[in-house]
Amino acid sequence: MQRKRFDDMQCPIARSLDRVGEWWSILILRDAFYGLTRFDEFQKHLEIAPNILTRRLAGLVEEGLLEKVMYSERPPRYEYHLTPRGRDFRPVLVALLQWGNTHFAPEGESVILVDTATGKQAIPIMVDANTGKPISAGSHIIAEGPAAGEKVKRSIGELLERRARKSA
């Protein structure tokens, strides 16, 4: 069965999912943030089949989230390093960590975010870089951007109309 591609959609969420919307890819990126770089490290930590890991690493390299760097010529061996695009995925992982701790950790938090200066647990929130205000459903809405095509404009218009009707 051929996987549906979303790269022709104007939705930034769909386009992002096209690059990383598969659990192995996200876990590989997580482990790259933990400092893993080599195939055998990823395979051991994730307990993933070599053929799947090979495909996922190749896809992450192709999408520009990881770069493949040779560290041994004989035999040829490679490390996988996060690119700037890959490093920009960190806030997504931090948000998933917090969401998972809030909603899917009945036994309690097994992984937390810690402030390196204080050693205390940090609770991440998303804020507007322009105002510093926390982003919430009550204070921020999705709107069409300057490059929005007709389909996006229509879709967002319908969603905003539906929201307005519910508020009335």
Side-chain angles (χ1 to χ4, degrees), residues 1-129 134-137 140 142 145 147 152 155 159:
M1 180 190 231
Q2 185 72 17
R3 184 173 81 83
K4 179 170 174 54
R5 299 275 313 175
F6 298 124
D7 52 353
D8 61 342
M9 296 176 74
Q10 270 202 317
C11 175
I13 295 170
R15 286 179 176 172
S16 297
L17 286 173
D18 209 29
R19 275 61 179 192
V20 297
E22 186 279 325
W23 63 77
W24 285 122
S25 296
I26 294 171
L27 292 175
I28 290 166
L29 289 170
R30 177 204 63 189
D31 283 2
F33 279 103
Y34 288 165
L36 303 186
T37 58
R38 296 186 176 176
F39 187 95
D40 59 327
E41 294 173 327
F42 289 114
Q43 186 179 18
K44 181 179 178 185
H45 192 255
L46 293 170
E47 298 178 358
I48 183 174
N51 61 325
I52 294 172
L53 180 57
T54 298
R55 282 197 308 271
R56 298 300 176 252
L57 286 170
L60 291 167
V61 168
E62 183 179 325
E63 295 298 346
L65 290 122
L66 294 175
E67 66 179 333
K68 190 174 175 180
V69 178
M70 184 179 280
Y71 71 87
S72 172
E73 288 187 26
R74 290 187 176 204
R77 299 273 188 243
Y78 298 90
E79 291 184 328
Y80 297 87
H81 298 188
L82 288 162
T83 64
R85 180 183 285 183
R87 287 189 295 276
D88 282 349
F89 192 70
R90 187 171 193 273
V92 178
L93 289 173
V94 170
L96 283 170
L97 179 144
Q98 185 60 37
W99 185 61
N101 276 341
T102 300
H103 298 287
F104 308 111
E107 71 286 353
E109 299 168 327
S110 60
V111 177
I112 60 172
L113 187 66
V114 174
D115 183 316
T116 57
T118 66
K120 295 185 189 245
Q121 182 175 358
I123 307 298
I125 60 169
M126 190 175 294
V127 298
D128 179 344
I135 293 176
S136 72
H140 294 79
I142 300 297
V152 170
S155 177
L159 293 172

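Values in this document were obtained by computation on a predicted structure and should not be read as measured data. Along the sequence shown, residues are numbered consecutively beginning with 1.
Taking NZ of K120 as the reference point, atom CD1 of I112 lies at 12.0 Å (rounded to 0.5 Å). Within the model, atoms CZ of F33 and CZ of R87 stand 8.0 Å from one another, a figure rounded to the nearest 0.5 Å. The line from CD of Q10 to CZ of R15 is 6.0 Å long, rounded to the nearest 0.5 Å. The distance from the OG atom of S136 to the CG atom of D128 is 11.0 Å, given to the nearest 0.5 Å. Atom-to-atom distance recorded for I142:CD1 and S155:OG is 11.0 Å, nearest 0.5 angstrom.
Surrounding CD of E73 are at most 12 heavy atoms belonging to other residues, nucleotides or ligands under 6.0 Å away. By the 6.0 Å contact criterion, CD on E107 is enclosed, its count of non-hydrogen atoms from other residues, nucleotides or ligands being greater than 12. Annotation: L113, atom CG; neighbour count of heavy atoms from other residues, nucleotides and ligands within 6.0 Å is above 12. In the displayed structure, R90 atom CZ is contacted under 6.0 Å by at most 12 heavy atoms of other residues, nucleotides or ligands.
Cation-pi geometry between R38 and Y78 is not met at under 6.0 angstrom from the ring centre and within 45 degrees of the axis.
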Could you pull out all donor-acceptor pairs under 3.5 Å where a side-chain atom in residues 94-106 meets a protein atom, sequence neighbours excluded?
residue : atom : partner : partner atom : Å
Q98     : NE2  : T102    : OG1          : 3.3
N101    : ND2  : V111    : O            : 2.7
T102    : OG1  : Q98     : O            : 2.9

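The shortest non-hydrogen separation linking R85 to G64 is CB-O, 3.4 Å. In terms of heavy atoms, E79 sits closest to Y71 at CG-CD2, 3.3 Å. Of all the heavy atoms in R30 and L46, the pair that sits closest is NH2-CD2, 3.5 Å.
No side-chain heavy atom of V152 sits under 4.5 Å from any side-chain heavy atom of C11. Taking the side chain as every heavy atom from C-beta outward, L60 and Y80 never approach each other to under 4.5 Å. Between H81 and T37 there is a side-chain heavy-atom pair separated by less than 4.5 Å. Here the side chains of V127 and I135 are not in contact, with every heavy-atom distance at 4.5 Å or above. At least one side-chain heavy atom of I28 sits under 4.5 Å from a side-chain heavy atom of L53. The shortest side-chain heavy-atom distance between P76 and M70 falls under the 4.5 Å cut-off. Side-chain contact between F89 and S16: absent, with no pair of heavy atoms (C-beta onward) separated by less than 4.5 Å. The closest side-chain heavy-atom distance from R19 to L65 is below 4.5 Å.
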Run the side chain to side chain contact (heavy atoms under 4.5 Å, CB included) test on F42 and L57 for me, step by step, so that the C-alpha distance in whole Å, both residues' side-chain angles and the decisive distance to 0.1 Å come before the verdict.
CA-CA 10 Å; F42 289 114; L57 286 170; 4.3 Å; yes

Q. Going through the distances and angles, do H45 and L36 end up as a side chain to side chain contact (heavy atoms under 4.5 Å, CB included)?
A. CA-CA 9 Å; H45 192 255; L36 303 186; 3.7 Å; yes

Start with the C-alpha distance between L82 and L29, add both sets of side-chain angles, then the distance that settles side chain to side chain contact (heavy atoms under 4.5 Å, CB included), and finish with yes or no. CA-CA 8 Å; L82 288 162; L29 289 170; 3.9 Å; yes

- Query: After noting the C-alpha distance and the side-chain angles of R56 and T54, does the key distance pass the side chain to side chain contact (heavy atoms under 4.5 Å, CB included) rule?
  - Reply: CA-CA 6 Å; R56 298 300 176 252; T54 298; over 6 Å; no

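With D31 contributing its side chain and Y34 its backbone, the two residues share no donor-acceptor pair below 3.5 Å.
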